[in-house]
A.B. asks: 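First the structure, which I've put down as structure tokens, then a few questions once you've had a look.
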Amino acid sequence: MADDATERAVSAHYSGRALLKRVISALLAAGIDPAEVTVEQLAPLDNFHSFGVAGTLELARETQIEATDRVLDAGGGIGGPARLLAHRIGCAVTVLDLSPDFCALGETMTAWTQLTEKVTFVCGSVLQAPFPDASFDVVWTQHAAMSIANKPRFYAEVHRVLRPGGRFALFDVVAGPNASVLFPVPWADGPETSFLLPPSEIRALVTSAGFRERTWAEGAGVAQRFSQPLVPAGAPDKLDPNLIDNVWMGALGPERLRNVQRNLQAGSITLALGVFERV
Ligand SMILES: C[S@@+](CC[C@H](N)C(=O)[O-])C[C@H]1O[C@@H](n2cnc3c(N)ncnc32)[C@H](O)[C@@H]1O
């Protein structure tokens with residue numbers, strides 16, 4: 001598939017399903033007024049990656065993000081990680097995402113949490129990032145690269161929009177050593193839109209795009225950083241624990257999540273977390 005055909009399919013995968021309505025219903029059912037919802041209350045349902053909010057905080061710690069950093073979240077979804085970074089650290093974050101539905105919902109949720117001045121959304125592709133050279137101090141990506149076939153182009157764009165000395169942080173699902181992947185999974189219904197590479201290839205691609213490696217962990221080295229489940233349940237108290245399945249992944253949500261566990265157990269997929277410095 002050419003890049004734009006892949007992107008159309010990926011954007012469709014992450015669109016529709018009356019997302020805003022479902023989020024509002026879930027919040028109201030939990031007794032939360034959307035207009036007064038906090039970043040912490042939203043966090044269990046808007047950090048759309050393994051280990052949820054704990055994954056975001058771990059990557060932020062490794063990356064040493066500071067309040068003065070200009071951050072780009074490449075494939076940032078509905079902006080949960082961006083809001084968390086802006087709220088906890090105070091940095092400005094630009095979310096770049098393919099899905100117009102996700103960007104629109106992200107803007108609404110950002111307005112609810114009064115972070116509009118810190119978190120902005122741009123709908124577009126990370127393969128043609130609509131920013132001048134050296135615009136950011138940090139480029140960050142979580143669980144988007146599985147949908148990106150043209151990784152050399154992706155890492156070249158990350159390099160271009162980072163200032164020299166800037167950091168590139170990634171937290172992704174990557175190929176494991178064993179059997180082929182069982183579908184559907186959260187990021188794809190089939191192999192046509194799933195592009196996993198082994199960790200060694202990702203490291204080599206990023207390095208050859210012009211980065212020096214600062215930290216790298218994969219497989220058990222990632223899992224051991226977290227004490228909580230891979231797919232966190234809902235909010236500690238009130239939100240429906242199935243929300244993340246139902247709202248974001250449609251009717252196949254539970255099956256997608258079961259397949260993540262099966263694929264991990266079979267060694268078909270694993271996790272990688274790394275921070276690099278732009279040379
Ligand atoms: C599983 S979600 C993760 C969202 C977010 N990073 C998070 O962790 O909450 C993957 C996101 O990557 C986005 N994505 C995939 N390919 C992309 C591309 N080529 N350009 C921009 N966004 C992309 C999708 O639209 C989707 O919102």
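Values in this document were obtained by computation on a predicted structure and should not be read as measured data. One-based numbering, in listed order, for ligands and for the atoms of each.
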A.B. asks: Between N263 and L182 (side chain of the first, backbone of the second, donor and acceptor by atom type, cut-off under 3.5 Å), is there such a pair?
C.D. replies: yes
A.B. asks: Below 4.0 angstrom from a heavy atom of G124, which ligand 1 atoms are there? Numbered from 1 as shown, please.
C.D. replies: 20 (N), 21 (C)
A.B. asks: For ligand 1, which atoms sit closer than 4.0 Å to a heavy atom of A144?
C.D. replies: 12 (O)
A.B. asks: So, for N259 and P184, which heavy atoms are closest and what is the spacing to 0.1 Å?
C.D. replies: ND2-O, 2.8 Å
A.B. asks: Below a 4.0 angstrom heavy-atom separation, can you tell me which part of P186, side chain or backbone, both or neither, approaches ligand 1?
C.D. replies: neither
A.B. asks: So does V39 get a backbone contact from the side chain of H87, meaning a donor-acceptor N/O pair under 3.5 Å?
C.D. replies: no
A.B. asks: Identify the two heavy atoms, one from F195 and one from K151, that lie closest to each other, and give their separation to 0.1 Å.
C.D. replies: O-NZ, 2.5 Å
A.B. asks: Rounded to the nearest 0.5 Å, what separation is found between the CD atom of E7 and the CG atom of N150?
C.D. replies: 9.0 Å
A.B. asks: If the contact criterion is a heavy-atom separation under 4.0 Å, does T141 count as touching ligand 1?
C.D. replies: no
A.B. asks: Compare every heavy atom of V95 with every heavy atom of G79, then report the nearest pair and how far apart it is.
C.D. replies: CA-CG2, 4.2 Å
A.B. asks: Would Q142 count as being in polar contact with ligand 1, using the rule that some N or O on each side must be under 3.5 angstrom apart?
C.D. replies: yes
A.B. asks: Quick one: do D137 and R163 make a salt bridge, cutoff under 4.0 Å?
C.D. replies: yes
A.B. asks: Give the contacting part of T56 toward ligand 1: side chain, backbone, both or neither, where contact means a heavy-atom distance below 4.0 Å.
C.D. replies: neither
A.B. asks: Checking D33 side chain against A35 main chain: does a donor-acceptor pair fall under 3.5 Å?
C.D. replies: yes
A.B. asks: Contact between ligand 1 and P81 is defined here as a heavy atom of the residue under 4.0 Å from a ligand atom; is it met?
C.D. replies: yes
A.B. asks: Is any NZ, NE, NH1 or NH2 atom of the basic residue among R83 and D46 found under 4.0 Å from an Asp or Glu carboxylate oxygen of the other?
C.D. replies: yes
A.B. asks: Compute the shortest N/O to N/O distance between F102 and ligand 1 and return yes if it is under 3.5 Å, no if not.
C.D. replies: no
A.B. asks: Taking only heavy atoms of D46 into account, list the atoms of ligand 1 that are under 4.0 Å away from them.
C.D. replies: 9 (O)
A.B. asks: Salt bridge or not between R262 and E255? Use side-chain N to carboxylate O under 4.0 Å.
C.D. replies: no
A.B. asks: Please confirm whether the backbone N or O of S125 pairs with a side-chain atom of Q128, one donor and one acceptor, at under 3.5 Å?
C.D. replies: no
A.B. asks: Are any of the N or O atoms of H49 closer than 3.5 Å to those of ligand 1?
C.D. replies: yes
A.B. asks: Give the residue and atom name of whichever protein heavy atom lies nearest to atom 9 (O) of ligand 1, and the separation in Å to one decimal.
C.D. replies: F48 N, 2.8 Å
A.B. asks: Identify the protein heavy atom lying closest to atom 22 (N) of ligand 1, giving its residue, its atom name and the separation to 0.1 Å.
C.D. replies: L98 N, 3.2 Å
A.B. asks: H143 heavy atoms, cut-off 4.0 Å: which ligand 1 atoms fall inside?
C.D. replies: 1 (C), 2 (S), 3 (C), 10 (C)
A.B. asks: Checking contacts here: is it the side chain or the backbone of V126 that comes within 4.0 Å of ligand 1, counting heavy atoms only? Could be both or neither.
C.D. replies: both
A.B. asks: Same cluster or not: are Y14 and L96 linked, directly or through other Ile, Leu, Val, Met, Phe, Trp or Tyr residues, by side-chain heavy atoms under 4.5 angstrom apart?
C.D. replies: no
A.B. asks: When you look for heavy atoms under 4.0 Å from ligand 1, do you find them on the side chain of Y14, its backbone, both, or neither?
C.D. replies: side chain
A.B. asks: Which of the atoms of ligand 1 are close to G77, meaning less than 4.0 Å from one of its heavy atoms?
C.D. replies: 4 (C), 5 (C), 27 (O)
A.B. asks: Identify, for atom 15 (C) of ligand 1, the protein heavy atom at the shortest distance, and state residue, atom and that distance.
C.D. replies: V10 CG1, 3.6 Å
A.B. asks: Is it the side chain, the backbone, both or neither of N47 that has a heavy atom closer than 4.0 Å to ligand 1?
C.D. replies: backbone
A.B. asks: Starting from atom 4 (C) of ligand 1, what is the nearest protein heavy atom, named by residue and atom, and what distance separates them?
C.D. replies: G75 O, 3.4 Å
A.B. asks: Can you tell me which residue and heavy atom of the protein come closest to atom 19 (N) of ligand 1, and the distance to 0.1 Å?
C.D. replies: E7 OE2, 3.3 Å
A.B. asks: Can you check whether W112 reaches V23 side chain to side chain, under 4.5 Å on heavy atoms?
C.D. replies: yes
A.B. asks: Identify the protein heavy atom lying closest to atom 27 (O) of ligand 1, giving its residue, its atom name and the separation to 0.1 Å.
C.D. replies: D97 OD2, 2.7 Å
